[in-house]
Novice: 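I'd like to ask some things about the structure below.
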Amino acid sequence: MEKYTAKVSSVTTAEVIVCGGGCAGVVAAIASARNGVKTILVEKTSIVGGTATNGLVGPFMTCFDPSGKQQIIKGIFNEIIERMEEKGGAVHPSKTGAVSNYGCYIKLRHNNVTPFHPETLKMVLLEMLVEAGVECYLNTTILDVEKEGDRVTGIVAFDGNDLRLFEGKIVIDCTGDAFVNVKAGAACEMEDVETGLQPMTLFFWIYNADDEKIEEFLSQDEETRYLPYHHIIEKARQEGKFNINRNKIGMYHMVNPGEWRLNTTRIQGRNPVDSKDMNQAYMDGMRQVDFLMEFFKQLPGLENARLAQVGANVGVRESRRIIGEYILTEQDMIENTEFQDTIALCSYPVDLHPAKGALTGTSYKKEHTDVADVYEIPFRILLTRDLDNVLTAGRCVSATHEALGAIRIMPSVFAMAQAAGTAAALAVRSDIKLKQLDTKRLQEILEEQGQCLKRHK
């Protein structure tokens, strides 16, 4: 591979390089730095938090078991929520209950979600990065990697003026699309865009909604509550007046009265790793938002709603997935496979939005068997099979299409990222390879730092 050293304006060294400053990248960087190693975070935008901030995606889905009795994802994730709550920008999931407007009234494992204000999240994440001593390079786009054998030795990036080289002992790929892995030649897989890949969504945020009127209307019957405004949409669809492939208005109450986050656009048939397609996807989403704001005028409680903000980025549910030391499967979740290297727990269902059609995520897969109440996520799905010093966190971990449909939610992403950052620091401090890591020691550290790895019996 070509060396860039002669072309770069500066070389910056650290022990751990985290690529991507979304939820996964921020938490991985904080965990790494808190565990005593010099850590650099490289992010292409000026805002950290990724889909949760730039993309307005929310709320955080459940971090509890289905009964709502045990919080199974804690650690840095819980610290972030508590800090936001102190600023008036979140409601702790222990307070949101089982079936609520915060979770779009959905029964299937949408208990104990976390509504939050995206601006508050930006502030909290930046505060925590600074406190941890992470060296942040924002507005810096990763272009390529330098590699020796099966090790990534450097990350080549463009800061808007010059090429920069970041050198480190361990790299954590939190790009969402496994970009570092791909540039380093590691094997990845992705579903067919037309027939299998989950669609994208452009989230948006409204204010001036009539909460009481919405509640009254949606309380008419069970179907109306679970599928908000379904009957009105189906009538409009039959009349050719609703051309978005959604059978309900996906709406999640935010922190302040009258404010809702909308997960209702649906962008199908676009490739999330193709720049031309992503440009078109955003335009598709904006047209749908414009249509929906007009359509809302006939929906009880939304007649006077106003548009507050549209996500700056399209929300991507799924793109490339790495081939790791282990590939997590739906069967693992159904059977609650016990792993020796468990680094997180999760309870979310397999939520696959269709590549075609209008059904909701968890309902279109008719042969679906519900997963165990709580299941385990192993460390090995973060380890790239083909690379010696690369960890991966976020939606591009090593899992099947079905398994990813469950663990792609942000709470489990936070948990996996904390494990990745902690593992990177532990490997550096022990001067060992990632695949030689003592996972028992990793588990001990995670539990010492507040993470939950065992379900209460």
Side-chain angles (χ1 to χ4, degrees), residues 11-43 48-49 73-80 82-83 124-138 140 151-155 157 164-174 180 341-344 377-380 382-384 387-394 397 413-453:
V11 179
T12 306
T13 61
E15 290 163 307
V16 175
I17 311 295
V18 180
C19 300
C23 290
V26 170
V27 172
I30 291 169
S32 172
R34 284 183 175 180
N35 281 283
V37 299
K38 182 179 179 182
T39 305
I40 283 175
L41 176 67
V42 184
E43 162 56 30
V48 296
I73 300 175
K74 295 182 179 179
I76 293 174
F77 171 69
N78 196 62
E79 182 181 342
I80 290 168
E82 289 179 342
R83 287 192 181 213
V124 167
L125 293 182
L126 286 171
E127 286 174 0
M128 293 175 68
L129 285 165
V130 171
E131 290 170 9
V134 177
E135 197 172 318
C136 296
Y137 290 84
L138 306 182
T140 303
R151 295 180 63 82
V152 173
T153 58
I155 300 297
R164 306 183 67 107
L165 179 64
F166 298 98
E167 294 181 331
K169 296 179 180 178
I170 291 177
V171 175
I172 307 179
D173 186 348
C174 297
V180 172
D341 59 340
T342 298
I343 44 83
I377 299 175
F379 175 62
R380 285 165 293 159
L382 313 183
L383 289 171
T384 302
L387 299 170
D388 191 48
N389 68 328
V390 175
L391 283 160
T392 302
V397 296
V413 164
F414 277 92
M416 289 185 281
Q418 182 171 351
T422 305
L426 183 58
V428 168
R429 286 164 39 203
S430 304
D431 194 25
I432 58 174
K433 294 181 179 180
L434 287 170
K435 293 170 187 177
Q436 298 173 334
L437 196 68
D438 180 357
T439 53
K440 292 296 182 187
R441 180 59 187 142
L442 172 61
Q443 291 169 331
E444 289 171 0
I445 295 173
L446 290 172
E447 290 183 316
E448 288 167 5
Q449 297 177 356
Q451 194 52 273
C452 178
L453 301 183

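One is the number of the first residue; the rest follow in order along the sequence.
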Novice: Taking side-chain hydrogen bond (donor to acceptor under 3.5 Å, both in side chains) as the test, write out the residues that go with T439, two or more places apart.
Specialist: none
Novice: Taking V180's backbone N and O only, do any of them form a donor-acceptor pair with D173's side chain (distance below 3.5 Å, no angle check)?
Specialist: yes
Novice: For D438, check side-chain hydrogen bond (donor to acceptor under 3.5 Å, both in side chains) against everything at least two apart and list the hits.
Specialist: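 Listed in chain order: nothing, the list is empty.
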Novice: Can you tell if the side chain of F379 reaches within under 4.5 Å of the side chain of L391, non-hydrogen atoms only?
Specialist: yes
Novice: Please confirm whether the backbone N or O of V390 pairs with a side-chain atom of T392, one donor and one acceptor, at under 3.5 Å?
Specialist: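 No, T392 side chain to V390 backbone: no donor-acceptor pair under 3.5 Å.
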Novice: Write down the atom of V37, the atom of S32, and the distance for their closest heavy-atom approach.
Specialist: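 For V37 and S32, the tightest heavy-atom pair comes out as CG2-OG, 3.2 Å.
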Novice: So, using side-chain hydrogen bond (donor to acceptor under 3.5 Å, both in side chains) as the criterion, who are the partners of D341 when residues are at least two apart?
Specialist: R380
Novice: Please indicate whether K435 has more than 12 foreign heavy atoms, meaning atoms of other residues, nucleotides or ligands, lying under 6.0 Å from its NZ.
Specialist: yes
Novice: How many angstroms lie between OG1 in T13 and CG in L165, if you round to the nearest 0.5 Å?
Specialist: 10.0 Å
Novice: Determine whether a donor-acceptor pair (N or O, by modelled atom type, separation under 3.5 Å) exists between the side chain of R164 and the backbone of I155.
Specialist: no
Novice: Filter on ring-ring contact (aromatic ring centres under 6.0 Å, His included), then keep only pairs touching residues 418-447, sequence neighbours left out; what's left?
Specialist: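 Non-adjacent pairs meeting ring-ring contact (aromatic ring centres under 6.0 Å, His included): zero.
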Novice: For N389 and K169, indicate whether the former's side chain and the latter's backbone hold a donor-acceptor pair under 3.5 Å.
Specialist: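 Checking the backbone N and O of K169 against the side chain of N389, a donor-acceptor pair under 3.5 Å is found.
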Novice: Going by the rule ring-ring contact (aromatic ring centres under 6.0 Å, His included), which residues pair with F166 if we only count those two or more places apart in sequence or in a different chain?
Specialist: Y137
Novice: Show the nearest heavy-atom pair for residues M128 and R34, with the distance to one decimal.
Specialist: CE-NH2, 3.6 Å
Novice: Tell me whether R83 is salt-bridged to E79, with the criterion being a basic N under 4.0 Å from an acidic carboxylate O.
Specialist: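 Yes.
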Novice: Would R441 and E448 pass as an ion pair if we require N to O under 4.0 Å?
Specialist: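 Salt bridge: yes.
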Novice: Answer yes or no: is there a donor N or O on one side and an acceptor on the other, between the side chain of Q418 and the main chain of I76, under 3.5 Å?
Specialist: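 Answer holds: yes.
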Novice: Restricting to side-chain hydrogen bond (donor to acceptor under 3.5 Å, both in side chains), what partner residues turn up for Q443, sequence neighbours left out?
Specialist: none
Novice: Distance-only, no hydrogens or angles: does the Q451 side chain make a donor-acceptor pair with backbone N or O of K74 under 3.5 Å?
Specialist: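 Checking the backbone N and O of K74 against the side chain of Q451, a donor-acceptor pair under 3.5 Å is found.
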Novice: Keeping T140 on the side-chain end and L138 on the backbone end, is there a donor-acceptor pair under 3.5 Å?
Specialist: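 Here the side-chain-to-backbone pair exists.
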